[in-house]
Engineer: 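I have a structure I would like to understand better, so I am pasting it below and will then ask my questions one at a time.
Given the structure is predicted, the values throughout are model-derived calculations rather than measurements.
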Amino acid sequence: LPQGALVVIAARPAMGKTILGEMAASLAAKDNGGAVFISAEMPRAALAMRSVSREASVSMQTMARGELGDHDIARLVEGVRRVGECGARLLIDDRSAPTCGHIRRVADRWHRKNAAATLRVLVVDYLQLVATDNPRHSTYDRVSAASLGLLAIAKDLGLPVVALAQRSRKCEER
C-alpha cells in the first residue's frame, strides 16, 4: 500500500471487506511492524474470533455450532498462538462513531506503546460510521469530511490508511 495515501475499499454488505482489512492489519503487525484497526461496526472480541478462525483455517460456523474435532481444536490452539504473537502490535479500537481526532489519538497511543516498531497501516471499518462535529451533516457531508480527515492522517503520519466503505444493496434491486 502506498505510504501517505488513503485507500478506499468499497463493496456491498457481506462481501468480505472486514476480513480483508483485518488481514492487512495482521500482516502489517508481523515482523516487528504494527497496525491499528478502528472498528466502528464490530466488537473487538468478534474481530479476534475472526482472526483466530482465519489463522486456524476453521470456519466460524463450525466454531459457533461447537462441532469441533480434535484436529480443529489443535488448529485453533495454533491459530490463537499466531494471533497472540502479533497481538501487542495490533491495536483494535472498537469505539462506536469515532471521529478523525479520536482515530489520530489512537494512532499516537500506538506509537507511544510500540516505540521500537513501525506503524505500517491504519484500517477504518467503516467510512460511513466516522462521526463529524456536526450531527446534522448529510451522509455525503459526513463521508466527505471523514475522507479528508483520514487523508490528512495518512499524509501526516506517512502511512497508508485503508477505509472500508459499505455500498448500497440497491444495485441488486435493479
Side-chain angles (χ1 to χ4, degrees), residues 1-2 5-30 35-68 72 75-76 79-80 82-83 86-87 90-104 106-107 110 120-154 159-174:
L1 296 168
L6 173 63
V7 178
V8 179
I9 299 173
R12 293 188 317 271
M15 298 301 292
K17 296 179 299 296
T18 299
I19 197 67
L20 183 64
E22 186 273 327
M23 286 173 62
S26 292
L27 287 171
K30 293 181 180 175
V36 172
F37 193 98
I38 306 292
S39 178
E41 184 177 38
M42 189 178 297
R44 181 179 311 166
L47 281 169
M49 288 303 296
R50 281 183 171 214
S51 295
V52 169
S53 169
R54 181 184 50 77
E55 286 288 337
S57 297
V58 175
S59 78
M60 289 291 294
Q61 291 81 14
T62 301
M63 290 169 54
R65 289 191 304 259
E67 298 172 350
L68 300 169
D72 294 327
R75 289 194 334 226
L76 283 172
V80 168
R82 284 196 303 255
V83 168
C86 66
L90 173 59
L91 190 142
I92 299 173
D93 185 281
D94 59 357
R95 178 181 181 165
S96 61
T99 62
C100 286
H102 173 77
I103 293 169
R104 185 180 296 265
V106 170
W110 186 94
R120 293 190 178 157
V121 70
L122 190 151
V123 179
V124 178
D125 186 19
Y126 63 92
L127 183 60
Q128 291 93 325
L129 294 179
V130 175
T132 60
D133 295 333
N134 186 346
R136 294 188 194 132
H137 275 158
S138 68
T139 301
Y140 176 83
D141 290 337
R142 272 196 338 260
V143 170
S144 294
S147 298
L148 289 172
L150 293 175
L151 179 59
I153 292 170
L159 64 103
V161 173
V162 177
L164 308 177
Q166 191 110 310
R167 296 285 301 154
S168 173
R169 289 186 186 257
K170 289 189 179 191
C171 64
E172 294 172 359
E173 296 172 6
R174 284 181 263 171

Engineer: Closest approach of Val121 and Ala25, non-hydrogen atoms and distance?
Structural biologist: CG1-CA, 4.0 Å
Engineer: When you check the gap from the basic side-chain N to the acidic O, do Arg54 and Glu22 get nearer than 4.0 Å?
Structural biologist: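 Looking at Glu22 together with Arg54, the answer is yes, because their closest N to O distance falls below 4.0 Å.
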Engineer: Is the shortest heavy-atom distance from the side chain of Val130 to the side chain of Cys100 under 4.5 Å?
Structural biologist: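 Side-chain contact under 4.5 Å: yes.
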Engineer: In Å, rounded to the nearest 0.5 Å, how long is the span from CG of Asp93 to CD1 of Ile38?
Structural biologist: 4.5 Å
Engineer: Would you say the side-chain atoms of Thr62 pair up with the backbone N or O of Glu67, donor to acceptor, closer than 3.5 Å?
Structural biologist: no
Engineer: Do we see a donor-acceptor contact under 3.5 Å between the side chains of Ser144 and Ser147?
Structural biologist: no
Engineer: Check for a donor-acceptor pair, side chain of Ser53 on one end and backbone N or O of Met49 on the other, with a separation under 3.5 Å.
Structural biologist: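 Absent.
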Engineer: Would the number of heavy atoms belonging to other residues, nucleotides or ligands and lying under 6.0 Å from CG of Asp133 be above 12?
Structural biologist: no
Engineer: Between Leu91 and Phe37, is a side-chain contact (heavy atoms from CB on, under 4.5 Å) present by the stated rule, with each step listed?
Structural biologist: CA-CA 6 Å; Leu91 190 142; Phe37 193 98; over 6 Å; no
Engineer: Kindly indicate, with the supporting measurements, whether the criterion side-chain contact (heavy atoms from CB on, under 4.5 Å) is fulfilled by Ile103 and Leu122.
Structural biologist: CA-CA 9 Å; Ile103 293 169; Leu122 190 151; 3.8 Å; yes
Engineer: Which heavy atom of Ala107 sits nearest a heavy atom of Val36, and at what distance?
Structural biologist: CA-CG2, 4.3 Å
Engineer: Donor-acceptor pair, distance only, cut-off 3.5 Å: does the side chain of Asp94 make one with the backbone of Arg44?
Structural biologist: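 Side chain of Asp94 to backbone of Arg44: a pair is present.
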Engineer: Examine distances only and state if a side-chain atom of Gln128 and a backbone atom of Gln166 form a donor-acceptor pair shorter than 3.5 Å.
Structural biologist: yes
Engineer: Can you confirm whether Arg65 is buried at CZ, in the sense that more than 12 heavy atoms of other residues, nucleotides or ligands lie under 6.0 Å from that atom?
Structural biologist: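 Count over threshold, so yes.
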Engineer: Would you call Glu41 and Arg95 a salt bridge, using N to O less than 4.0 angstrom?
Structural biologist: no
Engineer: Yes or no on side-chain contact (heavy atoms from CB on, under 4.5 Å) for Val124 and Val162, after CA distance, side-chain angles and deciding distance?
Structural biologist: CA-CA 6 Å; Val124 178; Val162 177; over 6 Å; no
Engineer: Looking at Thr132 and Ala145, what are the two nearest heavy atoms and their distance?
Structural biologist: CG2-CB, 3.8 Å
Engineer: Under 3.5 Å, is there a donor-acceptor pair between the side chain of Lys17 and the main chain of Ala163?
Structural biologist: no
Engineer: Identify the heavy atoms of Ala154 and Ala5 that sit nearest to each other, and give their distance.
Structural biologist: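 Result for this residue pair: CB-O, 3.6 Å.
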Engineer: Kindly compute the distance separating CZ (Arg104) from NE2 (His102), expressed to the nearest 0.5 Å.
Structural biologist: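 Answer for the CZ-NE2 pair, Arg104 versus His102, is 13.5 Å.
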Engineer: Between CG of Leu27 and CG of Leu1, what distance do you get to the nearest 0.5 Å?
Structural biologist: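 With rounding to 0.5 Å, CG (Leu27) is 10.5 Å from CG (Leu1).
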Engineer: Atom CG of Leu151 and atom CD1 of Ile153: how far apart are they, to the nearest 0.5 Å?
Structural biologist: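 Reported value, rounded in 0.5 Å steps: 9.5 Å.
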Engineer: With no hydrogens and no angle check, just 3.5 Å: does a side-chain donor-acceptor pair link Thr18 and Asp125?
Structural biologist: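 Checked: Thr18/Asp125 side chains pair up, N/O donor to acceptor below 3.5 Å.
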Engineer: Please find the pair of heavy atoms, one from Val58 and one from Asp72, that lie closest to each other, and give the distance.
Structural biologist: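 Between these two residues, the closest heavy atoms are CG2-O, 4.0 Å.
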Engineer: How about Leu159 and Arg120: do any of their side-chain heavy atoms sit closer than 4.5 Å?
Structural biologist: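 No, too far: nothing below the 4.5 Å cut-off.
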Engineer: Evaluate the side-chain contact (heavy atoms from CB on, under 4.5 Å) criterion for residues Ser26 and Leu90: first the C-alpha distance (whole Å), next the side-chain angles of each, then the deciding distance (0.1 Å), finally the verdict.
Structural biologist: CA-CA 7 Å; Ser26 292; Leu90 173 59; 4.2 Å; yes
Engineer: Please report the interatomic distance CG(Leu127) to CG(Leu164), rounded to the nearest 0.5 Å.
Structural biologist: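 Output value for this atom pair is 9.0 Å.
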Engineer: Identify the heavy atoms of Pro160 and Pro2 that sit nearest to each other, and give their distance.
Structural biologist: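 Heavy-atom minimum between the residues: CB-O, 3.4 Å.
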Engineer: I'd like to know if the side chain of Arg75 and the backbone of Ser57 have a donor-acceptor N/O pair within less than 3.5 Å.
Structural biologist: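 Indeed, once roles are kept as given, a pair shorter than 3.5 Å links the two residues.
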Engineer: Can you tell me how far the CG atom of Asn134 sits from the CG atom of Asp141, to the nearest 0.5 Å?
Structural biologist: 8.5 Å
Engineer: Testing Leu76, Val80, Val83 one by one against Glu55 for a side-chain contact (heavy atoms from CB on, under 4.5 Å), which residue passes?
Structural biologist: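 Testing each of Leu76, Val80, Val83 against Glu55, the sole residue satisfying side-chain contact (heavy atoms from CB on, under 4.5 Å) is Val83.
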